[in-house]
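Working notes, beginning with the structure itself.
Values reported hereafter were calculated over all heavy atoms of this structure, with side chains retained and with hydrogens, waters and symmetry mates removed. As the structure is a prediction and not an experimental result, all values here were calculated from the model. Naming convention: chains lettered A, B, ... in sequence-line order (proteins, then strands); numbering from 1 in each chain.
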Amino acid sequence: MSELKLTPRSEDYSKWYNQVIMRAQLADYAPVRGCMVIRPSGYALWENIQQALDRRFKAAAVENAYFPLLIPKSFLEKEKEHVEGFSPELAVVTIGGGEVLDEPLVVRPTSETILGHMWANWIKSYRDLPMRLNLWNNVVRWELRTRLFLRTLEFLWQEGHCAYSSAAEAEAETIQMLNVYTDFAVNDAAIPVIPGRKSESEKFAGAVRSYTIEAMMGDKKALQSGTSHFLGQNFAKAFDIKFLSKDNQLEHAWTTSWGLSTRMIGGIIMVHGDDQGLKLPPKLAPIQAVIIPIFKNDAEKSKVIPVIDQLRQQLAETVRVKVDDREETPGFKFNDWEMRGVPLRIEVGPKDVEKGTVVFARRDVPGREGKSFVPQAGIVEAARSALVTIQSDLLKRATEFRDAHTHEPKSYAEFKAVVEDSFARVWWCGDRQCEADIKEETKATTRCIPLEQPGGSGMCVHCGKPAQEVAIFAKAY
RNA sequence: CGGGGCGUAGCGCAGUCCGGUAGCGCACUCGCUUUGGGAGCGAGGGGUCGCCGGUUCAAGUCCGGCCGCCCCGACCA
C-alpha cells in the first residue's frame with residue numbers, strides 16, 4: 001500500500017471501487033480468473049445481510065433447505081427459455097473419479113430445475129401447497145467479464161422457490177418477496193431502490209414476469225439488486241409438477257423464484273462509499289463503533305485503558321463495538337477505520353478521562369463537523385442514537401442523490417443527454433424493438449417499469465407510439 | 001472473443017531502449033524514542049525477475065513461443 005489516498009471517485013470510479021474492496025479487506029482475487037475470496041470483513045457483512053433477510057423470509061413462512069451443487073445437464077434443457085438463457089454460461093462436469101460420466105453434470109447456475117424435479121415427487125395434492133423454500137448457497141455462471149462482488153464466476157446468494165395452487169397466490173407472493181427486498185434495501189442497507197417489473201427482454205430466462213429492485217450507484221449507473229420472478233406454470237409443465245385440486249382436478253402448480261446475492265455488497269460500497277473508503281450502514285456493519293485509545297505514555301495509558309474497558313462493556317450489550325488496541329498511532333487508526341466504513345468512532349484520551357467525556361466521530365460526516373463531545377455517563381444511549389441518525393442520514397443522502405439525478409426528459413434528444421449521466425423516467429411503449437434501438441443508440445437499458453405509476457398514458461419517448469406505462473432507463477452494471 | 005495495459009520481494013514500482021552477478025518505497029521482524037488525523041531513527045529478514053526454449057563467455061535486459069491477470073467493449077445477478 002504505497003499510496004495512502006484512494007484514487008478519487010471522480011478520477012476513476014472503477015479503480016476507486018477495486019481499491020476500497022482490497023484495502024477494506026472485504027475480498028481479494030482468487031487464483032482462478034473471475035473468482036474471489038471473501039475475507040472476514042466482507043463475510044461478516046454478508047452474514048449480517050443474511051440475518052436481516054432470513055428473519056424476513058421466516059416471517060413469510062419460508063423454510064430453509066439445501067439442494068445439491070450438481071444438476072444433470074438434461075434438467076437444464078427441459079425448459080426452453082431457461083436453457084437458451086443459461087447454456088452459454090454453464091460450467092459442466094464431464095469427468096468424475098477419472099471416468100467420463102454417462103451424463104454431464106452442470107454446476108448449478110440457479111436451482112429451479114432441480115427443485116422442479118423434486119417437487120414433482122413431493123407435490124401430489126393441493127394440501128401439499130403452498131411449498132415455500134429458500135436456499136442459501138453458491139452458484140456458478142461462466143461470465144466473460146467479471147468484477148469483484150458485482151459479477152464473479154461463483155457467487156453467494158439466497159434463492160427462494162415457492163409453489164402455489166393458483167396463479168393469483170403465486171403472483172402475490174412474487175410481489176410480497178419483492179417488497180421484502182425493498183424493505184431490506186431501504187431500511188437495513190439504506191439504499192433507496194425502485195421496485196418494478198422487468199421488460200420482456202430483461203426478464204429471467206423461463207419467467208412469465210420478473211420483478212426487480214433497482215438502485216443508483218455513486219457513478220449514477222444502475223444496479224439490479226434483487227429479483228423476484230413469477231414463473232407461471234412454465235417449470236411445472238417442464239418438470240411435471242401436478243397436484244389434485246379440491247375438486248379432484250389434476251393441475252400444474254404455479255411457481256416463483258427470488259434471489260439476492262453478494263452483489264448487494266457491491267451496491268452498499270457504491271451507494272455510500274466516499275473518497276475515504278467504505279461507509280457501512282449501522283444496521284449491517286459488522287463493527288458499529290470502534291474505540292480508539294489515546295495516550296502518550298504508560299501513566300496516561302493506565303488511566304485511559306480502565307475507562308475504555310468499562311465503556312466497552314457497557315456498549316457491548318447493545319452495540320457491536322471493538323477496541324482498537326493495536327500499537328499504531330491514532331491518526332493511522334482513524335484512517336484505517338474510515339476505510340473500513342465503521343459508522344461511529346469513539347476516541348478516548350487523557351483529556352476525556354479528566355472531563356468524563358469521549359469524542360464521537362461520525363463516519364458519514366467528515367472532519368470536525370462530525371465530531372462531538374459526549375459525556376461518558378450516557379454513552380450507550382448516545383451511541384445508539386448516533387447510529388440511528390447515521391442510518392437514516394445515509395438513506396436520506398442516497399435518496400437525495402438519486403432524485404437529483406433522475407430526470408423526465410420530454411424529447412428523445414433530451415433523453416439521450418439524460419441517460420449519459422442519470423436515470424431517465426419516461427413514458428415507454430413496451431415494444432421489444434423500440435427497447436433494442438434505444439440500447440443500441442444510447443447504451444441505456446430499461447431498468448424497470450416501476451410498480452408505482454403516475455396513471456394515465458403518454459407518448460413513447462423513442463418511437464412516439466402510445467404508452468401506458470412509465471419506465472426507468474439508465475446505463476447499468 | 002476484439003481492443004488496450006501489465007507480469008521483477010506480501011503490495012506499489014524502477015531497472016529492459018544500450019546484456020556485466022537485482023534495487024527503491026510501503027509492509028514485515030527487533031530495539032529505542034513517539035502517539036488527540038496516515039510517527040522517527042537504527043539494525044534485520046525476504047527474489048528460481050510469469051513459464052518454456054533460443055542467442056551469448058554472460059540474459060530481468062535481445063529473439064521465438066506460451067501462460068496469466070487487470071481495464072475498455074459484446075453477454076449477464
Side-chain angles (χ1 to χ4, degrees), chain A residues 1-7 12-15 17-19 22-23 25 28-35 84-90 109-110 138-159 181 198 201-205 210 212-215 222-229 257-267 276-277 292-298 300-301 304 324-339 345-353 357-359 361 366-368 370-371 373 439-440 443 445 476-477:
Chain A
M1 232 172 281
S2 62
E3 285 169 33
L4 250 35
K5 296 260 181 226
L6 285 170
T7 300
D12 187 336
Y13 200 80
S14 295
K15 206 164 176 180
Y17 177 78
N18 285 323
Q19 284 179 351
M22 299 294 274
R23 296 202 198 170
Q25 296 182 11
D28 201 352
Y29 291 101
V32 176
R33 176 194 75 85
C35 292
E84 281 172 14
F86 281 107
S87 287
E89 51 187 44
L90 292 179
T110 179
N138 57 340
V139 289
V140 168
R141 299 180 185 179
W142 215 263
E143 302 288 353
L144 298 178
R145 225 187 109 201
T146 58
R147 246 150 128 18
L148 293 171
F149 287 114
L150 299 177
R151 187 170 302 103
T152 45
L153 294 198
E154 177 189 7
F155 59 90
L156 304 185
W157 73 345
Q158 55 70 216
E159 44 175 325
Y181 289 152
K198 278 289 180 191
S201 64
E202 293 272 333
K203 74 176 194 195
F204 176 75
S210 284
T212 174
I213 50 172
E214 294 286 327
L223 185 74
Q224 177 174 315
S225 309
T227 48
S228 186
H229 313 291
S257 66
W258 28 278
L260 186 146
S261 73
T262 38
R263 169 180 263 197
M264 181 54 91
I265 294 174
Q276 288 297 314
I292 312 289
I294 294 159
F295 47 80
K296 289 196 205 318
N297 48 49
D298 283 350
E300 288 185 352
K301 182 177 178 181
V304 167
D324 186 352
D325 56 5
R326 290 179 296 176
E327 290 184 23
E328 299 284 357
T329 62
F332 175 90
K333 293 177 183 177
F334 294 169
N335 284 283
D336 191 42
W337 292 108
E338 280 166 13
M339 181 69 70
R345 181 177 78 235
I346 303 174
E347 305 169 16
V348 185
K351 290 183 228 163
D352 299 296
V353 172
T357 58
V358 301
V359 173
R368 204 163 283 274
K371 286 203 182 193
F373 291 99
K439 184 177 181 181
E440 174 72 29
K443 303 236 161 91
T445 52
Y477 275 98

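Taking the charged nitrogens against the carboxylate oxygens, A:Glu327 and A:Lys333 have no contact shorter than 4.0 Å, which rules out a salt bridge.
Taking atom CG of residue A:Leu148 and atom C1' of nucleotide B:C69, one finds them 12 Å apart after rounding to whole Å. One interatomic measurement links the two molecules: CG of A:Leu6 to P of B:G38, which rounds to 17 Å at whole-angstrom precision. Going from atom CG of A:Asn18 over to atom P of B:G5 covers 20 Å, rounded to whole Å. We find that CG of A:Asp28 is positioned 11 Å from P of B:C70, with the value rounded to whole Å. The CG-C1' distance, from A:Asn297 to B:U34, rounds to 11 Å in whole Å. One atom, CD of A:Gln224, and another, P of B:A77, lie 5 Å apart when rounded to the nearest Å.
B:A9 and B:A22 are spaced 11 Å apart, taking the C1' atom of each and rounding to whole Å. Separation of the P atoms belonging to B:U21 and B:C49 is 15 Å when rounded to the nearest angstrom. Distance check on atom P: B:C24 versus B:A59 gives 24 Å, rounded to whole Å. Across the P atoms, B:C66 and B:G19 are found 26 Å apart, a figure rounded to whole Å. Atom name P, nucleotides B:G10 and B:U29: the rounded distance is 16 Å, in whole Å. Only the C1' atoms considered, B:C67 is 25 Å distant from B:A74, to the nearest whole Å. Nucleotides B:U61 and B:A14 have their C1' atoms positioned 13 Å apart, rounded to a whole Å. A gap of 14 Å separates the C1' atoms of B:G38 and B:A27, to the nearest Å.
If you check the side chains of A:Thr152 and A:Arg141, you find no donor sitting under 3.5 Å from an acceptor.
Across all strands shown, A:Lys198 has no heavy atoms under 4.0 Å from either base or sugar-phosphate atoms. Across all strands, A:Pro88 comes closer than 4.0 Å to no nucleic acid atom at all (heavy-atom distances). Across all strands, A:Lys443 comes closer than 4.0 Å only to sugar-phosphate atoms, never to a base (heavy-atom distances). Counting any heavy atom pair closer than 4.0 Å across all strands shown, A:Lys15 reaches no nucleic acid atom. Among the heavy atoms of the strands lying under 4.0 Å from A:Thr329 is at least one base atom, whether or not backbone atoms are also near. A:Tyr29 comes within 4.0 angstrom of the backbone, heavy atoms only, and of no base. At a threshold of 4.0 angstrom between heavy atoms, the contacts of A:Gly349 include nucleobase atoms, whether or not backbone atoms are also involved. At the heavy-atom level, A:Thr152 lies under 4.0 Å from base atoms of the strands shown. Nucleic acid contact for A:Val359: base, since at least one base atom lies under 4.0 Å from a heavy atom of the residue. At the heavy-atom level, A:Glu338 lies under 4.0 Å from base atoms of the strands shown. In this structure, A:Leu150 reaches the bases: a heavy-atom distance under 4.0 Å links it to at least one base atom across the strands shown. Residue contacts shown for A:Arg345 include a base, since a base heavy atom lies under 4.0 Å away.
Taking the side chain of A:Ser14 as heavy atoms from C-beta on, and the options B:G37, B:A77, B:C71, the nearest nucleotide is B:C71. The side chain of A:Arg141 sits closest to B:A77 out of B:G37, B:A77, B:U35.
Across the strands present, B:C1 finds its partner in B:G73; the criterion is a Watson-Crick or G-U wobble pair with both atom distances under 3.5 angstrom. In this structure, B:G45 makes no Watson-Crick or G-U wobble pair, since no nucleotide meets both defining distances under 3.5 angstrom. Of all nucleotides present, only B:C52 satisfies the Watson-Crick or G-U wobble test against B:G64, with each distance under 3.5 Å. Using Watson-Crick or G-U wobble geometry with both donor-acceptor distances under 3.5 Å, B:A39 finds its partner in B:U33. Pair assignment for B:A59: none, as no Watson-Crick or G-U wobble contacts are both less than 3.5 Å. Using Watson-Crick or G-U wobble geometry with both donor-acceptor distances under 3.5 Å, B:G10 finds its partner in B:C26.
Geometrically, A:Arg345 engages A:Phe334 in a cation-pi contact defined by less than 6.0 Å to the ring centre and at most 45° from the axis. At least one cation-pi condition fails for A:Arg23 and A:Trp337: the charged atom is not both under 6.0 angstrom from the six-membered ring centre and inside a 45 degree cone around its axis.
The base of B:G37 does not come close enough to the side chain of A:Glu347 for any donor and acceptor atom to sit less than 3.5 Å apart. One donor-acceptor pair, N or O on each side, does fall under 3.5 Å between the base of B:G36 and the side chain of A:Asp352. Applying the 3.5 Å distance criterion, the base of B:G37 shares no donor-acceptor pair with the side chain of A:Arg368.
Place A:Ala476 and A:Asp298 on RNA chain B by their nearest nucleotides, and A:Asp298 ends up nearer the 5' end.
Taking all atoms of both residues into account, the shortest heavy-atom contact from A:Gly267 to A:Leu223 is CA-CD2, 3.6 Å.
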